[in-house]
Amino acid sequence: MEYKFNEIEQKWQEQWKKGKVYKVYNDSPKPKYYVLDMFPYPSGAGLHVGHPLGYIASDIFSRYKRLKGFNVLHPMGFDSFGLPAEQYALETGQHPATTTEKNIATFKAQLDKIGFCYDWEREVRTSDPQYYKWTQWIFLKLYNSYFCNTQQKARPIEDLITKYETQGNKNFTREQWNAFTKKEQEDVLMNRRLAFSKYGEVNWCEALGTVLANDEVVNGVSERGGHPVVKKKMRQWYLRITAYADRLLAGLETVDFSDSMKEMQRNWIGKSEGAEVTFKVVKRESSGVSTELTTHHSPLTVYTTRPETIFGVDFVVVAPEHDLVNEIKSAEQAAAVDEYVAYVKSRSDVDRMAEKKITGCFTGAYAINPFDGKEIPVWISEYVLAGYGTGAIMAVPCGDERDFKFAQHFNIAITNIIGSHYTGEEANPTKEAILENSGFLNSLLMKDAIGIAVNKMEELGIGKRKVNYRMRDAGFSRQRYWGEPFPIVWSDGIAIPLDAEELPLELPHVDTYGPGPEGEGPLANIKDWVDVGRNTPCGVFNTNTPQGVILQKGRRETSTMPGYAGSSWYFLRYMDPNNANEFCDRKASDYWNQVDLYIGGTEHAVGHLLYSRMWTKVLFDLGLIGYDEPFKKLLNQGMIQGSSRFVYRVRGRNIFISPNRINGSITEEESQRTGLVDLKVEVDPMHVDVNIVDGVELKIAEFKKFKNGEYANAEFILEDDKYFCGVETEKMSKSKYNTVNPDELCEKYGADTFRMYEMFLGPVEASKPWDTKGIEGVHRFLRKLWRLFNDDLKGKVWNEEKATDAELKVLHRTIKKIEEDTGRFSFNTAVSTFMICVNELADMKCNKKEVLEKLLILLTPYAPHIAEELWSQLGNSGSILDAEYPEFNAALLVESSKEYPVSINGKLRTNLTLALDIDQKEVEELVLQNEIVQKWLEGNAPKKIIFVKNKMINVVL
RNA sequence: ACUCGGGUGGUGGAACUGGUAGACACGCAGGACUUAAAAUCCUGUUCGCAGUAAUGCGAGUGACGGUUCAAUUCCGUUCCCGAGUACCA
């Protein structure tokens with residue numbers, strides 16, 4: 001009987017489906033384990049071999065955990081809102097829901113072919129109204145919550161309202177609050193809500209009449225069409241993720257992410273500790289008139305991480321967009337300042353990055369150093385960013401590279417406060433110098449002086465400690481169609497949330513997916529949908545108003561939520577996917593708790609992973625779930641790149657030259673056949689489908705059919721009668737003809753081979769180019785395994801004889817190794833372990849059920865179909881999924897004596913067989929008696945003899 | 001520029017806390033079976049030198065140096081590749 005993998009796999013996939021063997025229950029006496037994959041966006045292109053890498057790894061681990069006695073949740077779903085479907089709709093008029101539906105069906109069929117153990121009854125789709133109902137619901141929770149700074153957690157906004165009504169706050173009294181209009185109250189509250197709306201800058205493309213996401217803007221122009229993009233202020237929704245900066249940072253200590261992943265998140269959050277320092281400012285005119293600016297009580301505040309360098313400040317730089325610029329510019333400098341500000345406005349981010357010119361403009365104002373009264377010029381320059389810190393800095397050229405260059409460029413005198421550490425050639429950012437020219441800080445070590453300087457500033461009321469974050473609040477609205485609509489109605493400038501009963505607010509039908517007016521999204525085109533009359537209890541905003549219900553005209557929010565909205569909480573929905581009354585039953589989320597193992601790519605390091613961590617924290621704060629970190633362990637799978645193949649075509653001709661022949665000599669026959677005189681010709685490299693190349697050798701017959709026979713009449717200049725292709729590693733993509741379809745591999749070698757080969761390729765975390773060549777090796781292994789049970793001619797060969805110790809030893813060594821390898825996600829070495837085991841059993845001609853049965857259980861997670869088939873052939877009735885995981889017998893591996901390598905000064909010289917229970921003294925004697933050791937010793941006594949870890953012996957001369 | 005990864009045969013990659021570097025597989029070479037092919041099996045395969053041979057000697061994990069009886073592994077310097085961030089004061 002042969003190994004007919006196609007039949008076997010189809011048979012078992014059907015049986016598993018019929019028997020619902022992957023159905024997961026929320027109650028079980030077993031301990032739980034939650035394995036999650038980052039769910040895919042169902043693109044039209046379908047899966048290529050790069051996608052399933054992580055899914056295979058998680059599937060193996062889920063099955064392994066199940067065998068080890070856990071109740072395992074391993075779900076799959078689709079992140080089905082997103083731009084490509086909308087773009088496709090724009091081009092073809094097909095509704096995104098239709099194409100999405102179709103794509104999902106393709107994905108599911110492909111996934112099922114590989115034999116994953118998903119419980120499809122738990123599938124979630126972010127674009128399903130029954131799902132996004134709860135995305136909207138959580139959004140309303142975010143909207144109706146604020147971050148309490150004293151408790152460092154989210155609380156219902158009502159708590160804040162109550163506080164304002166009874167105590168007021170530092171800006172207004174209780175009486176003032178109660179006298180505010182509803183709009184004024186709402187504006188105050190909006191500044192505290194976790195989901196809030198404000199005017200913010202967006203990338204506006206006039207030509208396309210739409211707002212673009214950052215990644216749709218390339219080099220200052222739109223990715224599609226290449227139209228110019230400018231910054232425009234529009235009302236936008238945001239998530240107050242900055243409020244959670246500290247907790248997001250602290251939470252990293254409690255989760256098992258890779259160091260680089262944690263580092264990326266830390267960098268993104270960008271916490272820095274420093275101080276805000278206030279400078280008085282005087283404006284000087286050439287007429288001699290000078291005015292001290294008193295319009296603000298703190299006219300100019302800068303942020304610095306190096307307050308101890310305060311005596312080294314030679315100028316102050318303010319961001320050109322800073323509010324103060326207009327106020328402080330002198331009459332004389334006004335024109336220059338305006339011109340500079342206009343110049344900066346004209347420059348896109350990309351311009352700035354492309355040419356880092358030193359630019360700036362003096363304002364005519366001077367800041368007064370609060371300690372020594374020195375007057376220092378105030379400049380504006382684009383190198384200071386309006387959005388970070390206070391938008392103004394104190395420049396210390398002797399210690400900061402950028403300040404130094406600026407000072408040099410504009411000839412500003414530099415004060416040296418670090419003595420010999422500063423050479424005048426370049427800035428030195430050391431903290432180890434002794435301060436000079438620094439008033440009361442003189443002769444202090446810089447890092448010690450930091451605290452002293454801030455203390456003094458706080459004492460004098462001219463500065464205070466301040467922590468800043470690089471992270472910004474996350475933009476939460478998109479001017480798009482294919483996303484969750486906001487459950488918000490605007491009325492008189494007030495955002496009114498829908499009631500929970502009104503959810504889901506479903507996406508309405510649109511006739512066009514093009515942008516709406518004024519940069520609004522497509523939804524703005526549907527007047528009937530946008531304009532609503534709403535019954536709104538007017539007392540919600542002001543308890544002093546008499547209760548009552550009035551009819552209020554409103555206008556719906558027309559933007560939709562971004563892609564990450566639905567993916568920020570999907571791991572919770574899997575726990576209780578069909579709950580119509582709650583986003584997730586608390587019992588279910590308490591049971592499944594955190595995701596024990598989360599597998600996905602690094603590309604979501606600072607997006608999805610931060611947002612979902614924040615949402616989890618908010619839900620935790622509001623008491624809706626019982627933990628505040630969603631993912632206990634994160635495993636990052638590497639990217640599988642494509643390995644592209646190239647052929648080289650003679651320019652303008654249908655002739656292809658094998659690379660090594662280019663510029664070489666041509667034979668008479670070739671010359672006649674092709675009409676070429678020599679091979680010193682211009683060639684163009686051209687992508688050729690990797691599937692018609694065997695290694696690097698082009699399959700010429702198939703190439704002639706490539707691109708519908710475009711090259712049917714091509715001529716070739718070969719080497720050794722073969723055409724060798726050029727190779728390059730690139731991203732896998734259809735247009736590069738380097739994609740390999742998993743379906744075809746499953747068809748040709750079987751899903752089990754495919755699964756094991758993907759793992760065998762290397763560590764899951766590593767990125768590597770795909771190469772189909774080695775797959776034969778894995779396939780051979782499975783066939784060899786099959787032959788331990790069945791002979792192609794004789795049929796069944798397995799038997800029920802008793803296994804020998806040697807055979808059991810092979811088995812138990814394998815059990816031990818597989819458990820270690822699987823446990824530390826080293827799936828590639830596990831595959832090798834299986835190969836070694838099967839090779840050894842085959843060598844021993846061991847066909848014994850006793851051994852083979854256990855081996856099958858070990859193999860189940862990796863190659864479930866063949867394991868299940870052989871398991872049933874052995875006469876077992878149930879599914880191998882519920883088999884008992886074999887226990888490793890350590891006693892079997894113990895030997896009575898062992899051969900130890902003996903090295904002299906670390907260099908291997910001989911071997912020595914010793915009994916196991918031998919002690920150090922006996923070892924020494926036996927080693928000294930050894931001939932070869934004696935030869936090396938030449939009569940000298942060794943310094944010492946080291947018996948290392950029961951593994952080897954080293955003699956030190 | 002900064003931060004984090006990583007450099008091991010012709011190739012993908014093993015070597016878990018320092019302990020016989022190159023497991024396993026691909027490829028390649030040779031052989032067996034076969035009329036032939038496929039399939040299968042066996043042998044060899046880091047490099048250099050010596051030998052008919054079994055084998056022996058030496059070098060070897062990007063480069064240089066250090067710690068150690070012993071370094072792919074730890075430390076320092078340096079080069080290269082990948083990822084992320086980018087004027088964050």
Side-chain angles (χ1 to χ4, degrees), chain A residues 2 258-268 270-272 274 302-306 309 317 319 349 352-353 356 358 381-385 387-396 399-403 405-406 429 468-472 602-603 605-606 636 638-639 641 695 756-757 760-763 765-778 780-781 783-784 787 792 817 820-821 823-824 826 828-837 839 842-843 899-911 942-957:
Chain A
E2 280 175 77
S258 70
D259 289 341
S260 61
M261 183 63 58
K262 288 186 181 183
E263 196 60 27
M264 270 189 238
Q265 295 209 0
R266 280 192 204 106
N267 286 343
W268 186 258
K271 181 174 181 167
S272 85
V302 302
Y303 175 72
T304 180
T305 52
R306 302 293 298 275
T309 60
V317 190
D349 291 354
R352 288 196 198 191
M353 267 198 281
K356 273 185 193 166
I358 298 169
S381 171
E382 60 180 333
Y383 87 88
V384 172
L385 307 173
Y388 183 76
T390 59
I393 62 155
M394 55 182 230
V396 184
D400 184 282
E401 191 56 40
R402 292 153 306 177
D403 298 346
K405 287 197 173 135
F406 192 87
N468 263 323
Y469 300 93
R470 178 150 75 205
M471 183 170 62
R472 301 292 139 80
T602 36
E603 65 272 21
V606 292
N636 294 115
M639 273 245 282
Q641 292 124 310
M756 289 194 96
Y757 182 58
F760 184 69
L761 225 44
E765 299 97 316
S767 289
K768 54 238 154 187
W770 177 263
D771 179 10
T772 307
K773 273 236 125 161
I775 199 166
E776 299 276 358
V778 177
R780 244 169 248 160
F781 151 74
R783 279 209 305 262
K784 201 163 184 175
R787 285 198 306 271
D792 287 0
K817 189 81 194 333
E820 282 169 7
D821 290 343
R824 64 186 165 102
S826 180
N828 55 330
T829 54
V831 176
S832 298
T833 305
F834 282 121
M835 289 176 173
I836 295 167
C837 176
N839 280 339
D843 286 349
E899 193 173 66
Y900 292 91
V902 178
S903 62
I904 294 171
N905 277 351
K907 242 192 171 55
L908 183 75
R909 294 304 173 193
T910 185
N911 286 314
K943 273 204 201 108
K944 56 181 168 177
I945 293 171
I946 304 162
F947 190 39
V948 214
K949 286 185 181 168
N950 203 19
K951 229 176 173 179
M952 67 179 300
I953 299 161
N954 192 31
V955 180
V956 184
L957 290 186

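Numbers restart at 1 for each chain; the letters A, B, ... are given by sequence-line order, proteins then strands.
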When you compare [N] with [M], how far apart are their [atom1] atoms, in angstrom units rounded to a whole number?
{"N": "rA21(B)", "M": "rC79(B)", "atom1": "P", "value": "31 Å"}
{"N": "rA50(B)", "M": "rA32(B)", "atom1": "C1'", "value": "32 Å"}
{"N": "rA23(B)", "M": "rU45(B)", "atom1": "P", "value": "10 Å"}
{"N": "rC26(B)", "M": "rU43(B)", "atom1": "P", "value": "14 Å"}
{"N": "rA14(B)", "M": "rA71(B)", "atom1": "P", "value": "23 Å"}
{"N": "rG7(B)", "M": "rC64(B)", "atom1": "C1'", "value": "16 Å"}
{"N": "rC42(B)", "M": "rC74(B)", "atom1": "P", "value": "38 Å"}
{"N": "rU61(B)", "M": "rU8(B)", "atom1": "P", "value": "11 Å"}

Length of the CE-P vector between Met952(A) and rG19(B), whole Å: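 Going from CE in Met952(A) over to P in rG19(B) covers 10 Å.
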Gap between atoms CD and P, on Glu820(A) and rU17(B) respectively (whole Å):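 Going from Glu820(A) (CD) to rU17(B) (P), I get 12 Å.
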Which residues pass the ring pair (Phe, Tyr, Trp, His ring centres under 6.0 Å) test with [X], sequence neighbours left out?
{"X": "Phe406(A)", "result": "Phe315(A), Trp379(A), Tyr383(A), Phe410(A)"}
{"X": "Trp268(A)", "result": "none"}
{"X": "Tyr900(A)", "result": "Phe947(A)"}
{"X": "Tyr388(A)", "result": "none"}

Crowding at NZ, Lys768(A) (>12 non-hydrogen neighbours, <6.0 Å):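 Correct, the count exceeds 12.
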Protein proximity profile, nucleotides 1-8 of chain B - base contact B, sugar-phosphate-only contact S, no contact -, cut-off 4.0 Å on heavy atoms: --SS----
Test side chain to side chain donor-acceptor pair (under 3.5 Å) applied to Arg780(A) - qualifying residues, sequence neighbours left out: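 Listed in chain order: nothing, the list is empty.
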Set of residues satisfying side chain to side chain donor-acceptor pair (under 3.5 Å) with respect to Lys784(A), sequence neighbours excluded: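 So Lys784(A) forms a side chain to side chain donor-acceptor pair (under 3.5 Å) with Asn839(A).
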Which residues share a salt bridge (charged side-chain N to carboxylate O under 4.0 Å, His left out) with Arg472(A), sequence neighbours left out: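 For Arg472(A), no residue satisfies salt bridge (charged side-chain N to carboxylate O under 4.0 Å, His left out) once neighbours in sequence are set aside.
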Nucleotide nearest Asp843(A) (side chain, heavy atoms from C-beta), chosen from rC87(B), rA14(B), rC42(B):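 When the side chain of Asp843(A) is considered, rC42(B) is the closest of rC87(B), rA14(B), rC42(B).
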Among rU40(B), rA86(B), rA89(B), the one nearest Trp268(A) by side-chain distance: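 Nearest to the side chain of Trp268(A) among the choices is rA86(B).
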Sugar-phosphate only, base, or nothing, as touched by Arg787(A) at under 4.0 Å among non-hydrogen atoms: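 Contact class for Arg787(A): sugar-phosphate only.
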Between the protein and nucleotides 23-30 of chain B, list every N/O to N/O distance that falls short of 3.5 Å.
from    : atom 1 : to        : atom 2 : distance (Å)
rA25(B) : OP1    : Asn839(A) : ND2    : 3.1
rC26(B) : OP1    : Arg780(A) : NH1    : 2.5

